[in-house]
Amino acid sequence: MSAPVQRGSIARWNQTMIPTTREAPADAESPSHILLSRAGYIRKLGAGIYDYLPLAWRVIKKVSAIVREEMDAAGASELHLPVLLPIELYAGTRRDRDYGDLLFKINDRKAGTYALGPTHEEPITELVKGSVSSYKQLPINLYQIQVKFRDEARPRSGLLRGREFIMKDAYSFHMNVEGPGGLNETYDKMYQAYSNVFRRCGLSFTAVEAESGPIGGSASHEFMVNCESGEDTVLRCPASGYAANVEKCEIGARPAPSKGYFGGDPSGVMEEVHTPGCPGIEDVCTFMKVKPGNMLKSVLFKVVSSAEDLAKYGEEYILAVVRGDHDVNEGKVKAAAGVKAIALADPAEAIKKGFAIGFVSPRAAVGKPGVLLLVDREAAVGFDDAAGKAKFWVTGADKKDHHVKHFNWVRDLGTDPLAAEAHQPETHGTGGLKGGNKYMMVADVRNAVAGDPSPRSAGAKLETSRGIEVGHIFKLGTKYSEAMGLAILDDKQQKRPVIMGCYGIGVSRTMASSVEQNHDADGIIWPAAIAPFGVLITIMKHDAPEQTNLAADLAEQLAAAGVDVLIDDRDERPGVKFKDADLIGIPVRLTLGDKALAAASVEFKLRSSKDKGSLVPIAEVVAACVNAVRGNG
RNA sequence: CGGGCUGUAGCGCAGCUUGGUAGCGCGUUUGACUGGGGGUCAAAAGGUCGUGGGUUCAAAUCCCGCCAGCCCGACCA
């Protein structure tokens with residue numbers, strides 16, 4: 001682009017507030033929390049609530065500017081919605097209930113209840129409903145950058161999981177999914193825009209397939225900053241490039257065991273073992289000295305039925321069984337059972353139904369109408385092919401404080417698992433639910449783990465890594481428009497619910513995850529594009545005119561070239577200034593001292609490089625800075 | 001919401017077991033020396049010991065309630 005260079009700004013350390021400290025607050029643990037606190041970017045005001053000091057605010061503004069440029073370029077328009085939202089808005093979509101305690105609620109003087117917006121699907125839908133009346137006005141994509149609130153059960157890791165945070169949220173509206181102006185077109189544009197944003201921010205990231213969570217919808221991707229300290233697990237196939245989060249990740253074809261599902265002789269006589277106070281897999285394994293891979297884990301879900309289904313079929317349950325070293329995946333359970341919604345069964349209710357929670361075995365599902373037994377492939381095994389002998393299973397004894405060992409599916413289940421119905425793992429349907437006739441099914445119902453076969457490339461194995469979610473895009477569909485009555489006449493004069501997409505970027509989280517990804521023992525190392533300043537000029541003698549004058553002169557030239565400059569004009573010892581410089585992480589440091597000045601030079605050092613820096617002639621230093629700051633951005 | 005734990009100066013902590021004068025380091029202020037990787041010396045300011053109650057002649061210390069915060073788990077953008 002050949003647009004005129006926007007002038008950079010000049011700030012002096014003495015005139016701004018950068019309260020660096022030698023020690024971090026005791027509650028800071030993650031690198032971003034420690035370093036942003038120590039370097040004077042943020043201060044804690046309460047649990048999950050932070051002040052953004054001048055340096056931090058500059059970073060936020062730089063990230064925001066990149067977000068705005070990419071959003072605008074992709075055809076979105078910025079607006080600003082209220083934070084304070086009447087609770088009735090959320091009642092319409094039942095998210096006041098679905099969101100639960102995560103929704104911050106406050107009362108006004110008349111005891112009316114309001115929510116502090118956690119996202120803005122409802123108000124934006126309400127706005128469009130009253131403002132857009134023709135299909136000719138669609139598609140439209142509206143966004144804002146604003147503070148959001150979530151009453152987190154446990155705020156942690158500084159800015160990474162706060163109760164108040166800065167987010168960019170966008171919402172698009174369409175008449176169609178496919179074709180020009182359709183949801184997919186905008187979704188793809190947003191995917192590209194998000195990739196541009198995070199690339200321009202200098203972050204290493206991965207876009208992964210994801211479940212859409214409580215916001216609802218049909219398809220979604222998460223943008224994860226690659227970082228070992230991240231909270232989320234990312235799975236990827238090195239051969240095909242497929243990447244997904246654990247909730248979503250599919251598992252490639254897993255071959256059936258050589259003797260067929262459930263087939264194989266018992267490993268021994270089934271024996272009951274007293275396991276007091278050991279409801280968890282870990283406890284039992286420690287107590288009985290068995291590996292989790294030899295446990296059968298049984299998790300009971302209750303089907304959330306519609307009133308109609310409830311009247312017709314009664315209450316229904318699913319008992320999902322996976323190997324002890326695996327985790328049940330709710331989404332896959334839902335899909336395999338062919339039901340829309342499930343929830344972990346209430347313990348008290350489950351016990352009443354005859355499930356000894358904590359000590360449940362697959363047998364507990366047998367003979368109970370309305371209960372589907374869903375067995376994961378690696379749990380539906382009687383013969384251990386890897387070990388070449390009968391599979392040794394430990395599972396619950398279906399009574400409190402007892403487990404059994406040498407469980408064998410064929411001998412001990414209490415019914416024949418080899419029956420034809422159980423043998424059609426590919427058939428997804430209603431199973432034994434909703435009047436179906438299959439009491440048990442073998443299916444993929446667990447989370448993927450490293451080493452699982454790739455779903456996209458035969459022979460390849462999934463790998464895992466960690467990440468921090470900084471962006472999330474959803475195809476919402478008509479969930480909100482239907483719930484709130486946003487319908488528009490199309491070109492055939494048919495009134496149709498508007499199709500929506502929504503797209504979020506955690507702006508404050510992006511700042512923190514950059515620090516997580518880019519730091520060393522001495523402090524932050526900002527990518528130039530989002531650094532609060534491009535260049536730090538460190539004056540060795542704050543009262544030496546030849547140094548202060550040169551600093552002012554260089555700063556002026558750099559600003560004219562579009563570089564933001566911070567001048568460290570404090571009366572501090574050199575050691576303090578150097579330590580602080582490393583801490584706050586400005587990409588380029590120019591040191592103005594007697595030695596260099598005697599050679600008509602200044603010292604030029606990149607924060608990202610370990611060397612001591614080099615002398616650059618004064619006449620060339622501005623170009624060197626511009627080059628370093630641009631080359632990186 | 002379960003389990004563990006912590007509230008003492010701006011920050012990091014000791015003191016509490018065994019009740020009796022409020023301590024240390026960093027930071028801050030003043031002065032001097034110093035001046036290229038958190039320097040030295042001297043002096044100083046700064047705390048209703050989270051909060052309410054109880055026991056006691058006397059509570060930072062013992063007991064009870066509450067509040068706030070942290071960690072692990074559950075949950076989660």
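All chains are named by letter (A, B, ...) in the order of the sequence lines, taking the proteins before the strands, and each is independently numbered beginning at 1. The basis for the numbers below is simple: all heavy atoms, side chains too, and nothing from hydrogens, waters or symmetry mates.
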Side-chain N or O of [X] closer than 4.0 Å to phosphate OP1/OP2 of [N]:
| X | N | answer |
| --- | --- | --- |
| A/K44 | B/rC70 | yes |
| A/R22 | B/rG27 | yes |
| A/R154 | B/rC72 | yes |

Write down the partner of [N] under the Watson-Crick or G-U wobble criteria, each distance required to be under 3.5 Å.
| N | result |
| --- | --- |
| B/rG69 | B/rC5 |
| B/rU28 | B/rA44 |
| B/rG19 | none |
| B/rU56 | none |
| B/rC49 | none |
| B/rA74 | none |

Does the ring center of [X] lie less than 6.0 Å from the ring center of [Y]?
| X | Y | value |
| --- | --- | --- |
| A/H221 | A/Y191 | yes |
| A/H120 | A/Y171 | no |
| A/Y41 | A/Y50 | no |

Check every strand shown and say whether [X] touches a base, only sugar-phosphate, or nothing at a heavy-atom separation below 4.0 Å.
| X | result |
| --- | --- |
| A/R589 | base |
| A/A47 | sugar-phosphate |
| A/I505 | nothing |
| A/E23 | base |
| A/R38 | base |
| A/G162 | base |
| A/G504 | nothing |
| A/E29 | sugar-phosphate |

By nearest atom, which of the nucleotides [options] is closest to the [X] side chain?
| X | options | result |
| --- | --- | --- |
| A/H472 | B/rA77, B/rA74, B/rG37 | B/rA77 |
| A/L102 | B/rC1, B/rA77, B/rC76 | B/rC76 |
| A/D571 | B/rG69, B/rC75, B/rG35 | B/rG35 |

Checklist line | Atom-pair distance (NZ on A/K577; C1' on B/rG38), nearest Å | finding: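 After rounding, the gap between these two atoms is 13 Å.
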Next item on the list: Go through the steps to decide whether A/H519 and A/E516 satisfy the test side-chain hydrogen bond (donor to acceptor under 3.5 Å, both in side chains), and finish with yes or no.
Entry: CA-CA 7 Å; A/H519 69 271; A/E516 290 286 329; 5.9 Å; no
Check: Of A/A24 and A/K541, whose closest RNA chain B nucleotide lies nearer the 5' terminus?
Finding: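 Whichever sits nearer the 5' end wins; that is A/A24.
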Margin query: Which is more 5' along RNA chain B, the nucleotide nearest A/S508 or the one nearest A/V576? Just name the residue.
Written below: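 Closest to the 5' end, via its nearest nucleotide, is A/V576.
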Would you say the base of [N] and the side-chain of [X] have a donor-acceptor pair closer than 3.5 Å?
| X | N | value |
| --- | --- | --- |
| A/D594 | B/rG36 | no |
| A/E603 | B/rG36 | yes |
| A/R573 | B/rG39 | yes |

Notebook entry, point to check: Do you know which of A/D569, A/T591, A/T538, A/D594 makes side chain to side chain donor-acceptor pair (under 3.5 Å) with A/Q547?
Noted result: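 That would be A/D594.
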